[in-house]
Each structure stands twice: as structure tokens, then as C-alpha cells.
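Predicted model, so just to flag it, every value in this text is computed and none were measured. In what follows, every chain begins at residue 1, and chains take the letters A, B, ... in the order their sequences are listed.
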2 protein chains.
Amino acid sequence: MLLSKSCVYGLRASLYLASKKEGEFIPIKRMSDKLEISFHFLTKILQQLTAQGILESFKGPNGGVRLNRPGTDVQLMDIVLAIDGEQLLTECALGLPGCGIKNPCPLHDKWAETRDAIKAMLEHTTLTELVEKGRAENLRLTTDGGFDILFED
Amino acid sequence: MLLSKSCVYGLRASLYLASKKEGEFIPIKRMSDKLEISFHFLTKILQQLTAQGILESFKGPNGGVRLNRPGTDVQLMDIVLAIDGEQLLTECALGLPGCGIKNPCPLHDKWAETRDAIKAMLEHTTLTELVEKGRAENLRLTTDGGFDILFED
DNA sequence: TTATATTAGGATAAAAGAGTCCAAATAATC
DNA sequence: GATTATTTGGACTCTTTTATCCTAATATAA
Ligand code: SF4
Ligand code: SF4
């Protein structure tokens with residue numbers, strides 16, 4: 001798998017948050033219900049995102065989490081880096097230790113191209129962009145149901 | 001990680017085999033030494049490749065494994081499919097169950113492009129091609145040492 | 001001030017991936 | 001026929017990832 005499960009959940013949750021009114025705190029419980037992710041697990045993941053400054057959290061009634069920056073300023077790569085780290089950008093195809101351009105393996109050239117494509121995609125896609133697309137085309141963030149089900153309260 | 005460790009080891013071993021005289025059986029022990037991979041682990045992996053018809057094995061003294069087809073006919077994708085299965089081609093970015101074009105998530109379009117690039121790379125690269133490149137430029141298949149160390153007996 | 005809703009954080013459990021070990025089967029050589 | 005070199009296959013262990021649970025801290029509201 002390209003991204004860990006934690007990372008995927010983090011992305012889904014971030015998209016959910018980006019679809020909400022800016023500044024509003026959303027309880028994790030609500031998100032885990034809507035997104036069909038284990039509440040406790042999602043909590044752990046969002047704690048990471050909070051620790052990394054991507055989310056902001058607030059305790060107590062009316063508490064929850066929200067994006068720390070507008071969704072237009074959050075790239076998918078930000079989430080991926082916060083959860084999976086640089087692995088995706090550094091590790092690669094033949095996974096030899098201490099890799100890079102200096103001492104490449106035979107796959108390096110081809111792999112580097114592919115990896116750059118992945119990187120570019122993650123860096124050039126913002127949360128808001130996907131939310132707008134999802135809303136316009138009623139795409140899904142869960143197993144069943146379209147984007148719209150996320151907005152029923 | 002894009003490819004499992006088993007898969008990476010399988011690729012490295014297949015490249016090794018493709019660099020050898022066609023038809024020659026190579027003992028797994030020799031490969032595991034050269035490639036610095038645990039003998040027992042590599043054995044398990046190569047058993048999978050043998051079961052999938054990518055390699056052929058022969059027991060006893062002078063035994064070992066060899067490619068079942070010429071290296072020019074073996075794509076990287078063949079190895080990846082044999083070890084990691086279709087996961088890479090079917091699963092994806094947001095990893096929603098039962099995914100596909102019918103009921104996509106907001107990332108689908110962008111992801112599909114990226115995934116196709118990965119797929120194309122793996123499908124259009126043959127073992128022989130990489131071996132020739134590795135030989136010509138003395139690239140490496142192990143932590144230290146160039147391609148050439150693989151050929152000392 | 002008490003009850004309630006929430007995140008934070010630690011401990012633990014279950015599942016998957018990676019790696020090791022051993023006995024059995026097979027083939028060549030002595 | 002006995003010994004040796006090799007693959008096969010199963011059982012097992014270790015590590016990492018995924019998931020669950022419980023308690024504490026914090027903020028609101030009654
Ligand atoms: S040389 Fe390049 S492709 Fe090969 S393992 Fe290193 S970074 Fe990856
Ligand atoms: S819709 Fe496409 S990108 Fe999204 S999870 Fe499914 S296959 Fe992957």
C-alpha cells in the first residue's frame with residue numbers, strides 16, 4: 001500500500017473537516033460515525049495531526065477539532081508527511097539502505113520519475129479542491145452513500 | 001511502502017537470476033549471500049515465484065532456481081503480481097471498499113493517473129533491460145558494491 | 001458545584017508482515 | 001547404499017501496524 005491506513009483515515013477526516021464551515025469545531029465522534037472509522041483509532045490519528053499543527057482541538061462540550069489553516073492552504077502532502085513521514089519520498093522501489101542519486105540501483109531512473117509523479121500529485125492537490133469536486137459530483141468518502149450524507153447533521 | 005519487502009526481495013533475486021546464463025540453476029544460498037537477504041526468508045519468497053510459474057526449481061546437488069522464461073519476457077509487474085497480488089492496481093489512495101470508476105471518491109481522477117503511471121512503469125520494464133543497464137553502469141543491487149560483485153563466483 | 005461532553009494519553013490486544021528454524025523430500029555423487 | 005546438497009513445507013517467533021479500552025484533564029452548562 002502506498003499510504004498507511006492511518007494516513008488514509010487522516011486524509012478522509014481532513015477532507016471532512018475541510019467541507020465544514022471554517023472555524024467550526026467538529027467532535028471526533030461525529031466524524032468517526034460519518035466516516036465509518038473506529039472512534040478510538042481515529043482519535044489517535046487526529047491527535048497526531050493536532051500535534052503537527054495541522055488541526056486545532058478544543059476540549060469539553062462544543063469541543064472537537066478543526067483545520068488550523070483554510071483548506072485551500074492544506075495540501076494532501078501535508079497530511080501524508082504528518083502521518084507517514086518522509087518514507088514515501090525517500091524509500092523506494094528496491095529499498096536499498098542509504099539510497100539516492102549517488103549510488104543508485106538499476107531501477108532508480110524509472111522509479112524516480114514515478115515517485116516524482118506521486119509527489120507532485122500530493123503536493124498540488126488541496127483539501128478544498130477535492131471537497132469542491134466531491135460536492136459538485138456527489139462523490140463518496142465512505143463505503144456507501146455520496147458526499148452529501150456527510151452534511152446531514 | 002509501495003511494494004512489500006517480500007516483493008522487493010523477489011525483484012532483486014529475479015534481477016540476479018536474469019543476469020545469469022540462461023538455463024543455469026542457481027542455489028538460493030548463493031543468492032541470499034550475494035544479495036544480503038536472509039536465506040530462509042528468500043527461500044519462502046522464491047517458493048512463491050516458483051509456484052506462480054515465474055521460476056523453475058530443481059532439488060539436490062547442482063540444483064537451485066532459474067527463470068522459467070527469458071528475462072526479456074519477464075516484466076517487473078509479473079513479479080509484483082506474483083508476490084503482492086493485485087493490491088497495487090486495485091486498492092488505492094482513499095482505500096474505500098469496492099472502489100472503481102463506478103462509484104469514485106474525490107481523489108479518484110488524480111489518483112488513477114498516478115496509479116497508471118506506476119502500472120505502466122512496472123509493465124514496460126523487463127528484467128533484462130535493468131540487468132543491461134546495471135551492467136553497463138555498474139549500478140548496485142546490494143548495500144555496498146556495484147553490479148559486478150554479483151558475478152564473482 | 002455537580003454533571004456532562006469532549007480531547008489527551010497510556011496500556012493492552014489482535015492482526016499482519018517479516019524473519020527463523022526444523023524435519024521431510026529429492027537428486028547427485030561417492 | 002550412504003552421504004551430501006538442495007528445495008519444500010510447516011511451525012514458530014519477533015516486530016509493526018491496526019484497533020480497543022480505560023483513566024485523566026478540560027471546558028461547558030445546569
Ligand atoms: S537507487 Fe533509487 S530506486 Fe533504487 S532503491 Fe535507491 S532510491 Fe530506490
Ligand atoms: S474512488 Fe478511486 S481513488 Fe478513490 S478509493 Fe476508489 S479506486 Fe481509490
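Between the CD1 atom of A/I45 and the C1' atom of D/dT18 there is a distance of 9 Å, given to the nearest Å. Regarding A/L42, its CG atom lies at a distance of 14 Å from the C1' atom of C/dT6, rounded to whole Å. Between the CZ atom of A/F39 and the P atom of C/dT6 there is a distance of 9 Å, given to the nearest Å. Taking atom NZ of residue B/K29 and atom P of nucleotide D/dT8, one finds them 17 Å apart after rounding to whole Å. The CG atom of B/L2 sits 15 Å away from the P atom of C/dG17 (whole-angstrom rounding). Residue B/L55 contributes atom CG, which lies 17 Å from atom P of D/dT6 at whole-angstrom precision. Rounded to whole Å, the distance from NZ on B/K59 to P on D/dT3 is 21 Å. Remark: C1' of C/dA18 and CD1 of B/I83 are 13 Å apart, rounded to the nearest angstrom.
Relative to the side chain of A/F41, the nucleotides D/dT18, D/dT8, C/dG19 differ in distance, and D/dT18 lies closest. The side chain of A/S4 lies closest to D/dT18 when the candidates are C/dA18, C/dA8, D/dT18. Distances from the side chain of B/Q47 to the nucleotides C/dT29, D/dT6, D/dG9 place D/dG9 closest. Looking at the side chain of A/K44, the nearest of the listed nucleotides C/dT7, C/dT20, D/dT20 is D/dT20. When the nucleotides D/dC22, C/dC22, C/dT6 are ranked by their closest atom to the side chain of A/H40, D/dC22 comes out on top.
A close approach under 4.0 Å does not occur between any side-chain nitrogen or oxygen of A/S57 and OP1 or OP2 of C/dT6. Contact between the side-chain N/O atoms of A/S38 and the OP1/OP2 oxygens of D/dA19 is not found at any separation under 4.0 Å. Between C/dT4 and A/N62, no contact under 4.0 Å exists linking OP1 or OP2 to a side-chain N or O. For D/dA19, one of the phosphate oxygens OP1 or OP2 lies less than 4.0 angstrom from a side-chain nitrogen or oxygen of A/K5. Between A/Y9 and the phosphate of D/dT18, there is no side-chain N or O to OP1/OP2 separation shorter than 4.0 Å. For D/dT17, neither phosphate oxygen OP1 nor OP2 lies less than 4.0 angstrom from any side-chain nitrogen or oxygen of A/S6.
Taking all atoms of both residues into account, the shortest heavy-atom contact from A/P106 to B/L139 is CA-CD1, 3.6 Å. Counting all heavy atoms, side chain and backbone alike, A/K119 lies closest to A/M77 at CG-CE, 3.7 Å. Summarising the geometry of A/L107 relative to A/A93, their closest heavy-atom pair is CD1-CB, 3.5 Å, with the distance given to 0.1 Å. The two atoms that bring B/V131 and B/A18 nearest to each other are CG2-CB, 3.8 Å, heavy atoms only.
Here B/L89 contributes atom CG and B/R115 contributes atom CZ; the two are 7.0 Å apart, rounded to the nearest 0.5 Å.
Between B/F58 and B/Q87, the one whose closest nucleotide on DNA chain C sits nearer the 5' end is B/Q87. Mapping A/G60 and A/L3 onto DNA chain D via the closest heavy atom, the residue that lands nearer the 5' end is A/L3.
For the pair A/N68 (side chain) and A/G53 (backbone), a donor-acceptor distance under 3.5 Å is present.
B/L46 comes within 4.0 angstrom of no nucleic acid atom, judged by non-hydrogen atoms across all strands.
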